[in-house]
Amino acid sequence: MAIGSKLYHLDEVNSTNEYAKKIADTSPDGTVVLAETQTDGKGRFNRKWYSPRGGLYLSVIIGHENSSLIPILTGVAICETFSNYGILLGLKWPNDVILNEKKVAGILTEVFDTKIILGIGINLNITSFPEEIKDRATSIFLETKKRFDKMSIYRTLCLELDQHYTMLNEKRTSEILQKWRNYSIIFGRNVIVQLPDRKIIGRAIDIANDGALILMLAEGKVEKILAGECQILKAPPGASEL
Ligand code: BT5
């Protein structure tokens, strides 16, 4: 079933991902939960996602497949959605969508029973951010001074998600990865990656077929990172921020 052919459009909810989990086993794949605002929007690792009115918050219920490329194809679908409106977004591994060096959208994929719950938060018409995140977060409105029709963006996003999900099912992963590379803002930049047990510093050089980040380390060794948290370093390696 096409993504978005069944839609639960809520005014307020704790988290669209949580709501989607409740209806997952009785809903067809492609079902979307969309909310105007979330009272307990979630980021990764139990972090909070600031979700005032004006943003676009949705979760898609999808059949469980190899999930590692879902965040990758979702990032591409978000970028392609906005390029239809003349806005060039960028991608930072693994799940950040960036506009003018700040985070404008985030992706949270959760495996739930036999399904994947794909959560997407896009800061669309948000006019301000709390003090704690205002240096790192921005909205489409703040950067372009234009307000966009939420449902029109939503419909374009569903089409893009559907198209890229079909590509994944048809095993056209190299096309998805190539698009991701084209939108990436991290290649050639020095990054610090937080792993559960340590930090790695290196230069981001590519993403692998499974969506892993490939880093070139100072010693010349190449390291593949399957999951982690990546921050772009402004100072050169060896400087104090490290
Ligand atoms: C993410 O987490 O980027 C995933 C965000 C997914 C949100 C969607 S909304 C619909 C669905 N339902 C949910 O409950 N969640 C999903 P992470 O990489 O952990 O980023 C979270 C961090 O980004 C926070 O710790 C803050 O520092 C920052 N942050 C919080 N709210 C933000 C916002 N609206 N825009 C930009 N940055 C934000």
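For ligands, and for the atoms within them, numbers begin at 1 and follow the listed sequence. What you see below is based on every heavy atom in this structure, not just the backbone, and it leaves out hydrogens, waters and symmetry mates.
Taking every heavy atom of G43 and a limit of under 4.0 angstrom, the matching atoms of ligand 1 come to 2 (O), 4 (C), 19 (O). Taking every heavy atom of S15 and a limit of under 4.0 angstrom, the matching atoms of ligand 1 come to 12 (N), 13 (C), 14 (O). Heavy-atom proximity to G41, at under 4.0 Å, picks out these atoms of ligand 1: 14 (O). Which parts of ligand 1 touch Q38 is read off a 4.0 Å heavy-atom cut-off, strictly below it: atoms 9 (S), 10 (C), 11 (C), 12 (N), 13 (C), 14 (O). Heavy-atom proximity to L58, at under 4.0 Å, picks out these atoms of ligand 1: 10 (C), 11 (C).
Put simply, the side chain of I120 reaches to within 4.5 Å of the side chain of L161, judged on heavy atoms. Side-chain contact between I126 and L142 is absent, with no heavy-atom pair separated by less than 4.5 Å. With a 4.5 Å cut-off on side-chain heavy atoms, R53 and E36 count as touching.
Counting all heavy atoms, side chain and backbone alike, S15 lies closest to K42 at OG-CE, 4.1 Å.
The N/O atoms of K42, backbone and side chain alike, include one that comes under 3.5 Å of an N/O atom in ligand 1. Checked by distance only, ligand 1 and D40 stay at 3.5 Å or farther apart across all their nitrogen or oxygen atoms. Distances between N or O atoms of Y57 and those of ligand 1 include no value under 3.5 Å.
Atom 24 (C) of ligand 1 has as its closest protein heavy atom K48 O, 3.5 Å. Here the protein heavy atom with the shortest distance to atom 11 (C) of ligand 1 is T16 OG1, 3.2 Å. The nearest protein atom to atom 25 (O) of ligand 1, hydrogens excluded, is given as R47 CD, 3.3 Å; this is a heavy-atom distance. Distance from atom 36 (C) of ligand 1 to its nearest protein heavy atom, with residue and atom name: A137 CB, 3.3 Å.
In this structure a side-chain-to-backbone donor-acceptor pair under 3.5 Å is missing from S184 to W180.
Heavy-atom proximity to atom 28 (C) of ligand 1, evaluated over V60, I133, D135, N123, is greatest for I133. Which of Y50, W49, F45 comes nearest to atom 38 (C) of ligand 1 through a heavy atom is settled by distance: it is W49. Nearest residue to atom 20 (O) of ligand 1 from E132, K103, R44 is K103 (criterion: closest heavy atom).
Between I205 atom CD1 and L217 atom CG the span is 9.0 Å, to the nearest 0.5 Å.
The residue from N17, T109, T31 that alone fulfils the side chain to side chain donor-acceptor pair (under 3.5 Å) condition with S59 is N17.
Only the backbone of I107 comes within 4.0 Å of ligand 1, judged by heavy-atom distances. Heavy atoms of E18 found under 4.0 angstrom from ligand 1: none, in either backbone or side chain.
In R44, the CZ atom is crowded: over 12 heavy atoms of neighbouring residues, nucleotides or ligands sit closer than 6.0 Å. Other residues, nucleotides and ligands contribute over 12 non-hydrogen atoms within 6.0 Å of the CD atom of E132. Taking a 6.0 Å sphere around CG of D197, one finds it holds more than 12 heavy atoms contributed by other residues, nucleotides or ligands.
Ligand 1 lies within reach of R136, whose nearest heavy atom is under 4.0 Å from it.
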| message | As a quick check of understanding, evaluate side-chain contact (heavy atoms from CB on, under 4.5 Å) for L34 and M151, giving each step before the final call. | response | CA-CA 10 Å; L34 177 72; M151 290 316 281; 3.8 Å; yes
